[in-house]
Amino acid sequence: MSSTETLLKTLLRNPYSIKSISQAKQLHAQIIKTNTTHLNLYHESLIGFNAFHPSLPSLALKSIIRCYTSNGLFLQTLTAFVKMWDSGDYPDHNVFPSVLKSCTHLMDLRFGESVHGCVIRVGLDSDLYTGNALMNMYSKLETSGGNGGLSDVACQVFDKMPRLGNVVGNDMCFEVSSDGNMVHFGRNLDRERVAGGSTMGCSMKTSYVSPQSNKQTGFFDRFGGMSNKVSRRNGENGALLMYNVRKVFEMMPKKDLVSWNTVIAGYAQNGFYKEALNMVREMGSASHLQPDSFTLSSVLPIFAEYVDVMKGKEIHGYAIRHGLDTDVYIGSSLIDMYANCTRVEDSCRVFNLLPQPDSVSWNSVIAGCVQNGAFDEGLKLFRQMLMAKIKPVNVSFSSIMPACAHLTTLHLGKQLHGRIIRGGLDDNLFIASSLVDMYARCGNIKTARWIFNDMEQNDIVSWTAMIMGCALHGHANEAISLFGQMEMEGVKPNSVAFLAVLTACSHAKMVEEAWQYFNSMVRDYGISPGLEHYASVADLLARAGKLEEAYGFISRMHIEPAGSVWSTLLASCRVHKNIELAEKVAEKIFSLDPNNTGAYVLLSNTYSAAGRWKEAAKLRTIMRDKGTRKKPACSWIEVNNEVHAFVAGDKSHPCYDKINEVMTILLEVMEREGYVVDTNEVLHDIEEEQKRELLCSHSERLAIAFGIISTPVGSTIRVTKNLRVCVDCHIATKFISKIVGREIIVRDNSRFHHFRDGKCSCGDYW
DNA sequence: ATAGGGTTAG
C-alpha cells in the first residue's frame, strides 16, 4: 500500500480529523484518484466515517458506486447501494446504471427487479441511461422458464447468497401473474394486490454482503451465462422472454442508438432472430438511426448460425462502406460467420486485415480453422498469437485442443495441458472435455479417465469423448460399459454419443449390439439416424463379411447414401473377394460420382485379388484415359517433432538403406515364423520377386521400419496412414510387433490398431 | 448504458 493510501486510511479511520464538507470532498477526490485496489477498505472506512458526518454519505456513496462498478467490484456496488438506500437518500441517474450493471454481472435478477422498483419509485424510469441498463439486464437474465426468472443453475448460486429482506408493506410496484412472472410494472399500484404474490420490492432493510466477495468473476464462465452463445438460444419456447425488455423500451420517452442496439442484441441472443432483424429495419425507419458496429456484431451471429453467407456478405459490404470493417468486434463476428459457412480462407482474410486484432479476434480465427479441419493452420496461428503477446484464455485452449486431438500430437497436447494447469484453468468444463478427448484420442485412456473422473460434472460431451476414445482404440467393452453408466446417471445420449458407441461395436465386430443401439436410438430417444450412423453400421456389416446384408441396409437408407458409405462396402468386397457385389457397388458409386478414383482403384484391386487381370487392366486404362489419379497411399511417423512421410516403394528417405536392411532381416524372420506374402493383390504383369519387393515396401511398413531404427527400444511406435490399412500389412505388422517386442499403433484415419506381441486390438477386423 | 470467440462427430 502506498503512503498516500495509508494516509487516506488513517484519515478515514479518524473521522474527527475532518472538519468540513470541503475537506471531506478533497479526501474523497483523493480516494477516487488513488489506485483502486483497496477500494474495499476505503469503503468500509467510509461507512464508519459517515456516522460522524451525516451530511456526507450520499455524496461519497454516489461516486464510490460508480467507482466500484467500473473496477468490477460488483458486490461492493450492491452493498453500497443498499447502504445508500437505507440512509434514506435517493440515488440519482448516475447511480442506477452502475447498480443495474452489477446485477447483470452477478446474474442477480431478483436484486435487479428490486432496483427497478427503486428506479420507478424515485421517478427515474424515463431516464435514458437507466432504461438502457434495465433492458440490458432483463435481456441477459430473464430466461424462458416459469420459475420467476432464474435458471436452475443460477438459482443454486443465488440461494447461497444472503438475500435482501422480505418485501412487506411497501408501496412497490410489480404486478405478478399467477405463475409468478412479473407481467407489469408501474408506480402506485394498489398495495393489496401486491401483498400476497411473490413480488419483490425495494424496502432494503438488510445489508447485502456476500461471503463470496473475493470471488466475483467466474460465474459466467462456470455456468455458461452470457458469454456462451448457445446457452441462451432458447427463443422457441419463451413467450415471456424479452417481454420486460420490450416493455421498458416502449415506455422510454427518449431512445438512442444504444437503446436500439440493446434490444436488438437481446432479441438476437435469445434466439428471436426475426425480431432482431425487424428491429434493425425499424430503427432506420422510425428513428433514422444507422446501424453501427454494435448493431452489426449483434446481427452477424444470426447469419453465422443460419449459414447464410450471402446475407453475411451483405453486412460485410455495409461494414466496408461505412469504414467499420476494421472494427475488432465486427471483424471477429465476420471471422466466425465465414468459418461457420466453411469459408475459412475468408475468415483468415478478414483477420489479416484487422490492424489491431485482440484476444477475441485471434481466438475466433483459430477456432474457425480448427473447426474446419485446418489443424496445422490453427496451431500455426496459436503460436503466432503467443508471439504477439496475446495471453491465451479459456477459449483459446478449448479451441486449439481439438487440433492436437485430431493430429494425435500428444506431446503438444501435454504442453498445453501444462499451461492450462499453471493458469488454473483445468476446472473449466470446455477445457476439461477437450483434454479428455485429446488424451483419449491419443490412446492415453488412463489419463483421459483420470481427468474425466476429476470433473465436477460430466456432460454429454465429456462422456462422448471418453466413449469415442475407447471405441477408436479398440476398447469396445469399456466403451459400451461407459455408455451404460452414462445412461444410468441420467445423461441423455445424443446422436454423437450413439455414433461413438456404434463405432465401438463396429470396431469389435459386435453386430448384435450395434443393431440394439441403432434401434434404441430411434425408438427410445427419437433420434433419426444420420449419414454417419448408417455408415458406421454398414461398415460393421461389411467388415464382418455380411456383404449382402450391408448392401440391403444401404439400399434401404431413408437418406441418400453418400459415396463414402458405398466405398466402405466396396473396400470390404475387395477383402472378401466378392466381385459380383463389388461391381454392383461400384456402379452405384459411379452414378453418384463418376470421377471417384478411389472406387476405380478398389474395383481394379478386387479384380486383381481374384486373379482377373484383364478386367483389372481395363479399369486402369479407363482411369488413365480419364486422366484421374488416386491420391497415393501415404504413411507417416513423427520422431523428435519431425514428420517422416513415406509412399509405397519410396526410396527417397535419407535412411532408406538402413530401412531396407531392417526390412530384409525382418522378412526373413517373419517367413521363418510362418508369414506368407499374399501376392494375389498385386498386379500380374510383374515378376514374383518384384511383387514381394513391392509388397514389402508398403508405405506403412516403411514407416514402421523407420520407427524401429529411430525410436528408443521398448517405446511405442506410432504410425498414421491416410487410407485404410491393408490386409497384408496388418498380418505383417502382427509378426513385426512380436519379433521386435514393441507396441506398434497404426492409425488409418479413423481407427487405431494396437499391435502387441503378435496380436492386434481389433481382433483382425479390418 | 449496448456488440464479437470455446468442448464430443467411423
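Note that this is a predicted model, so its numbers are computed, not measured. Here is how names work: the chains are called A, B, and so on, in the same order as the sequence lines, proteins then strands, and each is numbered from 1.
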Starting at atom [atom1] of [X], determine the distance to atom [atom2] of [N], rounded to an integer number of angstrom.
{"X": "A:M279", "N": "B:dT2", "atom1": "CE", "atom2": "P", "result": "17 Å"}
{"X": "A:D427", "N": "B:dG6", "atom1": "CG", "atom2": "C1'", "result": "15 Å"}
{"X": "A:Y439", "N": "B:dT8", "atom1": "OH", "atom2": "C1'", "result": "18 Å"}
{"X": "A:Y517", "N": "B:dA9", "atom1": "OH", "atom2": "P", "result": "19 Å"}
{"X": "A:M521", "N": "B:dG10", "atom1": "CE", "atom2": "C1'", "result": "13 Å"}
{"X": "A:I451", "N": "B:dT8", "atom1": "CD1", "atom2": "C1'", "result": "15 Å"}
{"X": "A:N394", "N": "B:dG6", "atom1": "CG", "atom2": "C1'", "result": "9 Å"}
{"X": "A:M486", "N": "B:dT8", "atom1": "CE", "atom2": "P", "result": "16 Å"}

Of the listed nucleotides [options], the one nearest the side chain of [X]:
{"X": "A:D459", "options": "B:dA3, B:dT7, B:dG6", "value": "B:dT7"}
{"X": "A:M468", "options": "B:dA9, B:dG4, B:dT8", "value": "B:dA9"}
{"X": "A:V461", "options": "B:dG4, B:dA9, B:dT7", "value": "B:dT7"}
{"X": "A:S433", "options": "B:dG10, B:dT7, B:dG6", "value": "B:dT7"}
{"X": "A:V258", "options": "B:dG6, B:dT8, B:dT2", "value": "B:dT2"}
{"X": "A:N136", "options": "B:dG6, B:dA1, B:dT7", "value": "B:dA1"}
{"X": "A:D327", "options": "B:dA3, B:dG4, B:dT2", "value": "B:dA3"}
{"X": "A:I431", "options": "B:dA3, B:dG10, B:dG6", "value": "B:dG6"}
{"X": "A:K140", "options": "B:dA1, B:dA3, B:dA9", "value": "B:dA3"}

Any N or O donor-acceptor pair linking the side chain of [X] to the base of [N] at under 3.5 Å?
{"X": "A:S298", "N": "B:dA3", "answer": "no"}
{"X": "A:S536", "N": "B:dG10", "answer": "no"}
{"X": "A:N749", "N": "B:dG10", "answer": "no"}
{"X": "A:S434", "N": "B:dT7", "answer": "no"}
{"X": "A:T464", "N": "B:dT8", "answer": "yes"}

Any base atoms under 4.0 Å from [X], or only sugar-phosphate, or nothing? Heavy atoms, all strands.
{"X": "A:D256", "result": "base"}
{"X": "A:S359", "result": "base"}
{"X": "A:S332", "result": "base"}
{"X": "A:V263", "result": "nothing"}
{"X": "A:H406", "result": "sugar-phosphate"}
{"X": "A:V299", "result": "nothing"}
{"X": "A:S361", "result": "base"}
{"X": "A:A535", "result": "nothing"}
{"X": "A:S750", "result": "base"}

Under 4.0 angstrom between [X] side-chain N/O and [N] OP1 or OP2:
{"X": "A:Q371", "N": "B:dA9", "answer": "no"}
{"X": "A:K255", "N": "B:dT2", "answer": "no"}
{"X": "A:Q269", "N": "B:dT2", "answer": "no"}

Test: A:R751 and A:D539 ion pair at under 4.0 Å =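 Here A:R751 pairs with A:D539 in a salt bridge, since their nearest N and O are under 4.0 Å apart.
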
Contacts of type ring pair (Phe, Tyr, Trp, His ring centres under 6.0 Å), residue A:Y439, not counting sequence neighbours |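 Applying ring pair (Phe, Tyr, Trp, His ring centres under 6.0 Å) to A:Y439 gives A:H417.
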
Output all residues satisfying salt bridge (Lys or Arg N to Asp or Glu O under 4.0 Å) with [X], sequence neighbours left out; order by chain, then residue number.
{"X": "A:R449", "value": "none"}
{"X": "A:K721", "value": "A:E700"}
{"X": "A:D346", "value": "A:R343, A:R349"}

Hey, can you pull the donor-acceptor pairs under 3.5 Å for the side chains in residues 463-470 of chain A, sequence neighbours left out?
from: A:W463; atom 1: NE1; to: A:N458; atom 2: O; distance (Å): 3.4
from: A:T464; atom 1: OG1; to: A:I460; atom 2: O; distance (Å): 2.6

Donor-acceptor pair, A:S347 side chain versus A:I335 backbone, under 3.5 Å?
->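 Checked: pair present.
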
Do A:P402 and A:M438 have side-chain heavy atoms sitting under 4.5 Å apart?
->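 Result no, sub-4.5 Å side-chain heavy-atom pair not found.
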
Kindly indicate whether the side chain of A:H753, heavy atoms from C-beta on, has any atom under 4.5 Å from the side chain of A:I745.
->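 Counting from C-beta outward, A:H753 and A:I745 never come under 4.5 Å.
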
Going by the angle between their ring planes, with limits at 30° and 60°, are A:Y267 and A:F272 parallel, tilted or perpendicular?
->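 If you compare the ring of A:Y267 with that of A:F272, the planes turn out perpendicular.
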
Among residues 499-509 of chain A, which contact DNA chain B at a heavy-atom distance under 4.0 Å?
->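 Hits under 4.0 Å, by residue number: A:L499, A:T503.
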
